[in-house]
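The chains referred to below are lettered A, B, ... by the order of the sequence lines, with proteins before strands, and numbering in each begins at 1.
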Amino acid sequence: MKGYDHKKIEKKWQEFWERNKIYTTLDQVPDKDNFFLLVEFPYPSGNLHVGHWYAFAVPDILARTLRMQGKNVLYPIGFDAFGLPAENAAIKNKLNPREWTYGNIAYMKKQIRSMGTSFDWSRELATCDPEYYKWTQWLFLQLHKKGLVYQKDTAVNWCPSCKTVLANEQVIDGKCERCGTEVVQKMMLQWNIKITDYADRLVDDLDELDWPEQIKESQRNWIGRSEGAEIGFETTENDTITVFTTRADTLFGAMYLVLAPEHPWLELALEHTGMLKNEDEIGRYIALSQRKTELERMTDQREKTGVRLEGVEAINPASGEKMPIYVADYVLGHYGTGAIMAVPAHDERDYEFAKKFDLEIRDVIEPLIIRPSGRLDSFRLDEPAQERTATMALVRHWSEDKYMCLRWIKNDVHGFVTGGIEDGEDAIETAKREIEEETGYSSAEYVESLGGRVHVKFYAAVKNVNRFAHFTPLLFRLKDGSRSVVDERESNLHEPVWVDADKVADYLNREDFQLIWRRVRGDRAYTGGGILVNSNSFDGLDSERARAEITAKFGRPKKTYKLRDWIVSRQRYWGVPIPIVHCKKCGTVPVSDDQLPVLLPDIEDYLPSGEGRSPLAKVDSFVNVTCPKCGGEGKRETDTLDTFVDSSWYYLRYTDPKNEKEFASQEKMDAWMPIDLYSGGAEHTTMHVLYSRFWQKALFDMGLVKDAEPYTRRKNRSLILGPDGQKMSKSRGNVIDPDEVVERLGADTVRLYLAFIGPYNEVSNYPWNPDGVVGVRRFLERVTRTSEMVQEKDVQGLQSILHKTIKKVTDDIPLLKFNTAISQMMTFLNAIEKGKTIGREQWKAFVRILAPFAPHLAEELWREGGNENSVHAEAWPAFDEKYLQDETVTIAIQIDGKTRGEVAIPTNSDKDATEKAAHGAIAARLEGREVVRVVVVPKKLVNFVLKSD
RNA sequence: GCCGGGGUGGCGGAAUGGUUUACGCGGAAGACUUAAAAUCUUUGACCCGAAAGGGUUUGUGGGUUCGAAUCCCACCCCCGGCACCA
């Protein structure tokens, strides 16, 4: 091929493929396995960006390869077409959202076609087509029938100035994006879907999925399952307040209860006038916290506030003690039971609150620290341990704000003075004695206890013994600097060092020292596990067992989640109308199947109506209907569905997009589901992917689909940044326009460049490098020139590298490591150019493996070579094992693990021959040295280990 | 703070126990040209050395191993998720 006119080639073959419908996918093809490759469908914003290319054109490489390898591949595309931007355009530029959207779709289709992707356009869908949203409505009603849909008063973002509900993305820093007014929370009746019913399965089923850990972990965090207990506390009003806790083991340390301001118990109590002595104050506090906007909550100093409920107390079921009850907004109404038992000694937040309100703090857990494995002093779990009662003494300087650390001379480690307590001695005496013995300081004076004991399991490497030590931490202060002489045995071991108070933490490398040090600094809340004290019959148990036993005796096990139900109501025009009729007599009534779809009417005025209702509320002909149940007067629901509902099932519709009787036929879903690979953006990990997993499970439970999980494999895509390494944005002026690059360098170049930029199976950020694109274009130009070098007979010298290249490309594509596949093809091209010739069959193999990457150019080269059929319908070339191994191999020669030379030997050399060759190659270096060991790794290296002198 | 992922030339990256830096970009030198572009050839981690050669190097420090980017421990930094979630 002479010259490379990408414009001509690309246009020609795109038209040819389309005319011949070569990517129209049948549901079943004899002798072919189906493969469903899904990419997230785009929002029709009106213009394609580089990210779209990265999302569609790169997975297309996999689609094309799989087809050549004999799979029947479904690679569909559509448009996620409802949503706010269309409505904003309507309001701002007086455009009809429908026309705006379909106009954008038409334009973007043209752009997408320029990529040369193998999408099956016959299955195209748009969520705003009535033929599509009819089934969105139908499926919503199925969930409704199942009891998964309900209405609830829910807080929405409300702009008091625009008098409208705002979507979360319209709230910028707590302010309305349009007018800048501070957004407040307003309660409105909203449609919700009970996704929380599925929380456990959404977590547990992740284990079975072949997904990257990062994605699974994000979903787990988002769902936020935590396992604990519910415990009931009786009150002096003869009722019960139930709390949720993950630390039932600390029950004896629960000193007060805290209710969230929204807690229903408060509402009831306030109705009983006079029951709460300070009801005015409480009422004011509740009102104040309700008025807090999201903004305030976020920027709050998080200073603890609250009000005690005067005149009522709760009873600790374990200790029987009476305890005060507070209302405080550091407890969240929607999590757990909206009430907690506060254990100030073992929870940071309760500790802070107790300090502020001067409440009693009672230790019930003594820390137990076990040195982790993999260190010299790691506790040896399966060996017996010597128990030891000891003190730990913190010594303050007599005149400066410094504390004494002991530095162990041998390993330069810092700690505090410790010592075993002898029989008949008390801890204070022991500590004073040890301070003097170990450091010479003789004026130590006891200040205070640093709280209860601390238990440590470790291995005392010096004494060679496994220890279980029980330390009593004490604080001392020196009266002056007087010192006696220290015994040499002690002074050889360690020396005292005076450390500034704010630097001490940096010196300590042991957890128990760190812990005691925090106590000196006034942080006494210990949140870890340990051994129970002050807990009656539970004393001496470890936290874990105590948790189980206390839960069994005083409460019941309970799981709770951060995940909240899915609010699907939107007070918007451009969305799927919720197919519900409100009837005075019958309540909320689903629209019957034969009345679907509830069509979205054309309207003139897209502004929301004043009370925060959807613009649809102003359309009388839409609103006023007869009740489907009783035939009486009804009013249509005017909210529309969240667009995440539309996208929760679109993949099912791709299997059967034209079906007028069902959302998809069972047969067609069977043919394609579950999805083999779903590639998309990381931003959809927690919302869209989770919602659609839920949706699939709900349909599964209703018997409408056969898989409980929609996506066998999910990969998140990386981000393409601007050339400056920043996110592309108009304001930065670093946006790369793909249309311009395609015009200049061609679609094949853009595809190949994006595939080459980095591994597609990992998430990272890749800057667009304009020189890099040119480099890839250079590669394709060299390919066209190489096509002039084709001769009839295979070139023997190329066989080995050709087959290695076929193998590497074959292996890397399914792993989505397109970058290394391409680099191997480049290496092969370098080899062709070196010999300036290539055999016809060899060339044909190369063109075929290039075809998925550069489909237009490969098709041109293929036809030019006299082939009649499309290269994309050809079979993928096979590699021959016999060419993969070279006749000679270069092995490294090492001396003491350092590479000192190399030698080429026949590949099939045995160990002796390998060693001999290596020895011969560096004989001079080995002269006069004694070789104590020779390590031979066949085909890799020989390592001579010399006797050390 | 908790959880997950990661840290390799000037840059994107390759190498998952065996010669660190494949492939590409940029840089340098040269060829062709009146010249430039394009193209081609050579070069290409750092330090010492005239060279031969030696030493250092995959965030830092330690360990295991004949041999570590890769395995183990501690720490530092970057990215992502969650976060007053009891």
Side-chain angles (χ1 to χ4, degrees), chain A residues 212-226 228 243-247 250 254 258 260 297 300 302-304 328-332 334-343 346-350 352-353 372-376 378 411 509 527 560-564 682-683 685-686 716 719 725 753 756-759 762-776 778-779 781-782 785 817 819-830 833 890-902 932-946:
Chain A
E213 197 51 39
Q214 199 166 108
I215 304 179
K216 291 188 186 186
E217 202 53 33
S218 295
Q219 293 216 346
R220 288 191 199 106
N221 287 341
W222 181 263
I223 295 166
R225 175 161 72 187
S226 99
V243 305
F244 172 76
T245 178
T246 54
R247 290 300 301 273
T250 63
V258 188
R297 264 184 205 201
D300 234 350
R302 298 252 161 116
E303 176 84 13
K304 296 281 176 292
D329 66 3
Y330 81 91
V331 172
L332 306 174
H334 55 77
Y335 184 76
T337 61
I340 60 151
M341 64 177 206
V343 185
H346 304 294
D347 182 281
E348 297 281 355
R349 298 149 298 179
D350 299 343
E352 238 178 84
F353 190 86
S373 62
R375 292 170 28 171
L376 283 172
S378 301
N411 52 6
N509 76 330
T527 56
T560 187
Y561 311 86
K562 284 180 200 162
L563 180 72
R564 294 160 76 174
E683 69 278 18
T685 302
T686 46
N716 282 356
L719 215 59
Y753 172 67
F756 187 57
I757 202 166
E762 283 169 27
V763 180
S764 181
N765 299 325
Y766 303 122
W768 176 278
N769 178 353
D771 291 323
V773 189
V774 173
V776 166
R778 207 145 41 210
F779 167 72
E781 283 173 7
R782 282 163 55 205
R785 266 176 267 142
K817 287 158 83 171
N819 56 331
T820 48
I822 294 168
S823 75
Q824 182 64 41
M825 289 192 282
M826 288 172 165
T827 306
F828 179 63
L829 190 77
N830 291 344
E833 286 180 338
T890 302
I891 61 163
I893 307 167
Q894 299 184 331
I895 294 174
D896 286 335
K898 291 190 166 128
T899 304
R900 287 291 180 258
E902 55 180 40
V932 292
R933 192 174 161 188
V934 181
V935 181
V936 180
V937 183
K939 292 173 209 165
K940 293 271 191 202
L941 57 72
V942 177
N943 186 12
F944 295 98
V945 184
L946 300 181

For residues [X] and [Y], determine if any side-chain heavy atom of one lies less than 4.5 Å from a side-chain heavy atom of the other.
X      : Y      : answer
A:I822 : A:Q824 : no
A:V945 : A:D896 : yes
A:W222 : A:T685 : no
A:N943 : A:R933 : no
A:H346 : A:T527 : no

| task | Tell me whether B:G9 sits syn or anti, counting syn as a glycosidic angle within 90° of 0. | result |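 Base orientation relative to the sugar is syn.
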| field | Pi-cation contact, A:Y330 with A:K304 (under 6.0 Å, within 45°) | value | yes
[N] and [M]: how far apart are their [atom1] atoms, nearest whole angstrom?
N     : M     : atom1 : value
B:A35 : B:G24 : P     : 29 Å
B:U16 : B:U64 : P     : 25 Å
B:A37 : B:C32 : C1'   : 13 Å
B:C75 : B:C3  : P     : 12 Å
B:C79 : B:A29 : P     : 38 Å
B:U20 : B:G30 : P     : 32 Å
B:G13 : B:U21 : C1'   : 10 Å
B:G1  : B:C72 : P     : 24 Å

Between [X] and [N], is there a contact of a side-chain N or O with OP1 or OP2 at under 4.0 Å?
X      : N     : result
A:R900 : B:G55 : yes
A:R247 : B:A86 : no
A:R778 : B:U39 : yes
A:Y330 : B:A86 : no

| task | Take A:N769 and A:S226, find for each the nucleotide of RNA chain B with the closest heavy atom, and name the residue whose nucleotide sits nearer the 5' end. | result |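 With A:N769 and A:S226 compared, the 5'-side residue is A:N769.
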| task | Please figure out whether A:K304 or A:N221 has its closest RNA chain B nucleotide nearer the 5' end. | result | A:N221
Could you tell me the separation between the [atom1] atom of [X] and the [atom2] atom of [N], rounded to a whole number of Å?
X      : N     : atom1 : atom2 : result
A:D771 : B:A37 : CG    : C1'   : 15 Å
A:N716 : B:G81 : CG    : P     : 11 Å
A:R220 : B:C2  : CZ    : P     : 19 Å
A:D347 : B:C2  : CG    : C1'   : 14 Å
A:K562 : B:C2  : NZ    : P     : 13 Å
A:Q214 : B:C82 : CD    : C1'   : 13 Å
A:D896 : B:G67 : CG    : C1'   : 10 Å
A:E217 : B:G80 : CD    : P     : 17 Å

Of the options [options], whose atoms approach the side-chain atoms of [X] most closely?
X      : options             : answer
A:W222 : B:C82, B:A86, B:U56 : B:C82
A:S764 : B:C84, B:G13, B:G4  : B:G13
A:R782 : B:C25, B:C40, B:C84 : B:C40

Which one is paired to [N], where only Watson-Crick or G-U wobble pairs with both distances under 3.5 angstrom count?
N     : answer
B:G27 : B:U43
B:C2  : B:G81
B:A35 : none

| Who pairs with A:R564 by salt bridge (charged side-chain N to carboxylate O under 4.0 Å, His left out), at least two apart in sequence or on another chain? | none
| remark: Given protein heavy atoms under 4.0 Å, the one-letter contact record of nucleotides 14-23 of chain B, with B base, S sugar-phosphate only and - none, is simply SS--BB--BB
| query | Taking all non-hydrogen atoms of both residues, which atom of A:G725 and which atom of A:P767 are closest, and how far apart? | reply | CA-CB, 4.2 Å
| query | Nearest heavy-atom pair of A:Y753 and A:N769: which atoms, and what distance? | reply |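 Distance-wise, the nearest heavy atoms are OH-N, 2.8 Å.
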| Lys/Arg-Asp/Glu bridge criterion (N-O < 4.0 Å) met for A:R220, A:E213 |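 So A:R220 pairs with A:E213 through a salt bridge.
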| task | Have a look at A:V331 and say if it touches a base, only the backbone sugar-phosphate, or nothing, with a 4.0 Å heavy-atom cut-off. | result |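 It contacts base atoms.
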| request: Describe the nucleic acid contact of A:G224 in one word from base, sugar-phosphate, nothing, applying a heavy-atom distance below 4.0 Å. | output: nothing
